[in-house]
Amino acid sequence: AMPLIIVTGLPTSGKTTRAKQLHAYLTERIKQASAGSGAGAGAGSAPTPKYRLHLISDQTLSIRRSVYDLSALPAHTRSANASEKDARASLYGAVKRVLSDKDIVILDGLNYIKGWRYQLFCEAKAVRTPSCVLQVGCSKERSQGVNEERLARQNRTGGDGAKPATSAADTGNGNGNGNAAVDEEQGGEKKEEGESREDDDEEPYEPGNWENLVFRYEEPNAMTRWDSPLFTLIWEDGEAQTRQVFDSLWDAVAGEARKPVKPHQ
Ligand code: ADP
Ligand code: MG
């Protein structure tokens, strides 16, 4: 059985960047696993992959940032967060549709509600597949800086929020994107702090929405079943550390060290 990997972190903390790196890493591991032992390193016909890999996110489902904005509606409005509930329902549906013993699912998103992570954990358990949490650690200040950069870029380009959420092309092949993300990190020249990233066209959060999400954020707790095993990458973690964390993540959920998943007691 193959697992569900729940990515979590503050808004604009680097979750998608890590999710794409993990996607690229898992693509390689799956290729190796499918080639099997003894299979020559032939560059010939690729064997049928043993597992399918899925990257699910707000972007792939065209979920706007505004669904998280509780201030968008007047207080005391009946279910002010109805749109967020709808968004969660479509994320849940997307996960449920593909989660199986042949599928690895990376769920890239805020995943900031404890009860929501518990629900996902139970869903994985129900199909007897392991789950784990990848926490993306980043200071509040830096995350805020990233969001402000995006807001500034949106204003420069005259964006008024009417821009469609990331194009469908992004959902097609996370592979290429993932490699690009890794290349960028290990590339010789690092982009300077605050320098605008022209390749970054993700939708920003309205400042009030961003603040409120940080306030609402429920940190994962490795002591709870649904937040474990818990893996953490911080912004500063470079290529070597990232690989090490991905290696142990693989070992825990797909490798020899994986514990059998018992049905709900
Ligand atoms: P999120 O998905 O949490 O909103 P992103 O992954 O989109 O965050 O990252 C926001 C911005 O920060 C992007 O421009 C990305 O290139 C940059 N970034 C993210 N993580 C890192 C990192 N570890 N080192 C350097 N830049 C990063
Ligand atoms: Mg993201």
Side-chain angles (χ1 to χ4, degrees), residues 5-25 54-69 84 87-88 91 94 106-112 133-154 156-157 159 163-167 170-171 174 176-207 209-214 216-217 219-220 231-246:
I5 301 158
I6 303 166
V7 179
T8 184
L10 296 179
T12 50
S13 60
K15 300 181 299 299
T16 297
T17 303
R18 294 307 191 182
K20 286 176 175 173
Q21 288 173 355
L22 179 61
H23 188 282
Y25 170 91
H54 308 266
L55 182 53
I56 298 173
S57 69
D58 287 353
Q59 286 73 34
T60 67
L61 299 179
S62 297
I63 293 168
R64 304 291 306 267
R65 305 300 197 206
S66 55
V67 304
Y68 300 106
D69 201 345
E84 182 175 356
R88 277 207 300 276
L91 286 162
I106 302 170
L107 180 60
D108 165 26
L110 292 160
N111 298 317
Y112 71 97
V133 172
L134 175 61
Q135 176 182 30
V136 177
C138 180
S139 72
K140 193 186 157 188
E141 292 68 31
R142 194 190 291 277
S143 312
Q144 191 158 31
V146 169
N147 193 51
E148 277 163 7
E149 216 179 288
R150 283 179 174 168
L151 283 165
R153 187 174 314 109
Q154 187 185 53
R156 267 203 311 279
T157 57
K163 184 174 78 88
T166 316
S167 70
D170 275 37
T171 71
N177 288 339
N179 286 329
V182 172
D183 289 348
E184 186 184 335
E185 193 185 51
Q186 62 203 26
E189 45 174 338
K190 268 212 157 183
K191 283 184 181 173
E192 263 183 54
E193 205 78 33
E195 185 187 333
S196 79
R197 300 163 191 272
E198 297 306 335
D199 53 322
D200 180 3
D201 62 349
E202 294 234 18
E203 189 187 6
Y205 296 82
E206 287 310 311
N209 188 15
W210 189 91
E211 283 285 352
N212 200 265
L213 277 167
V214 170
R216 285 181 354 238
Y217 188 76
E219 290 270 344
F231 302 92
T232 304
L233 279 172
I234 61 169
W235 179 280
E236 290 78 14
D237 284 337
E239 203 199 334
Q241 176 63 17
T242 301
R243 174 159 281 274
Q244 208 172 310
V245 169
F246 288 170

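Counting convention: from 1, in listed order, for ligands and their atoms alike.
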N/O to N/O below 3.5 Å, does that happen between Trp235 and ligand 1?
yes
Nitrogen or oxygen atoms of Glu202 and ligand 1 under 3.5 Å apart:
no
With heavy-atom distances below 4.0 Å as the criterion, list the atoms of ligand 1 near Thr17.
5 (P), 6 (O), 9 (O), 15 (C), 18 (N), 19 (C), 20 (N)
List every atom of ligand 1 that sits less than 4.0 Å from any heavy atom of Arg150, numbering the atoms from 1 in the order shown and giving each element.
4 (O), 5 (P), 7 (O), 9 (O), 10 (C), 11 (C), 13 (C)
I want to know if ligand 1 touches Arg65 in the polar sense, i.e. an N/O pair below 3.5 angstrom.
no
Result for side chain to side chain donor-acceptor pair (under 3.5 Å) between Tyr68 and one of Asn212, Asn209, Asp58 points to Asp58
For the side chain to side chain donor-acceptor pair (under 3.5 Å) test, which of Arg153, Gln59, Arg150 pairs with Glu202?
Gln59
Taking both backbone and side-chain atoms of Gly14, is any N or O found less than 3.5 Å from an N or O belonging to ligand 1?
yes
Given side chains that start at C-beta, do those of Glu206 and Asp69 come closer than 4.5 Å, heavy atoms only?
yes
Does atom CZ (Arg243) have a neighbourhood of more than 12 heavy atoms from anything else shown, all under 6.0 Å?
no
Indicate whether any N or O donor in one side chain lies under 3.5 Å from an N or O acceptor in the other, for Arg142 and Ser13.
no
Pair Arg216 + Glu84, salt bridge at N-O below 4.0 Å
yes
Side chain to side chain donor-acceptor pair (under 3.5 Å) between Tyr217 and Thr8, worked out:
CA-CA 10 Å; Tyr217 188 76; Thr8 184; 2.7 Å; yes
Need the ligand 1 atom indices (1-based, order shown) with element for anything under 4.0 Å from a heavy-atom of Ser13.
1 (P), 3 (O), 8 (O)
Any non-hydrogen side-chain atom of Gln144 less than 4.5 Å from a side-chain atom of Glu211?
yes
What protein N, O or S atoms come within a distance below 2.8 Å of the Mg ion (ligand 2), ordered by chain and number?
Thr16 OG1
Heavy-atom check, side chain of Leu213 versus side chain of Leu10, under 4.5 Å
no
Minimum side-chain heavy-atom gap Glu148-Trp210 below 4.5 Å
no
What part of Thr16, side chain from CB on, backbone N/CA/C/O, both or neither, has a heavy atom under 4.0 Å from ligand 1?
both
Please confirm whether Glu236 approaches ligand 1 to less than 4.0 Å, judged on its heavy atoms.
no
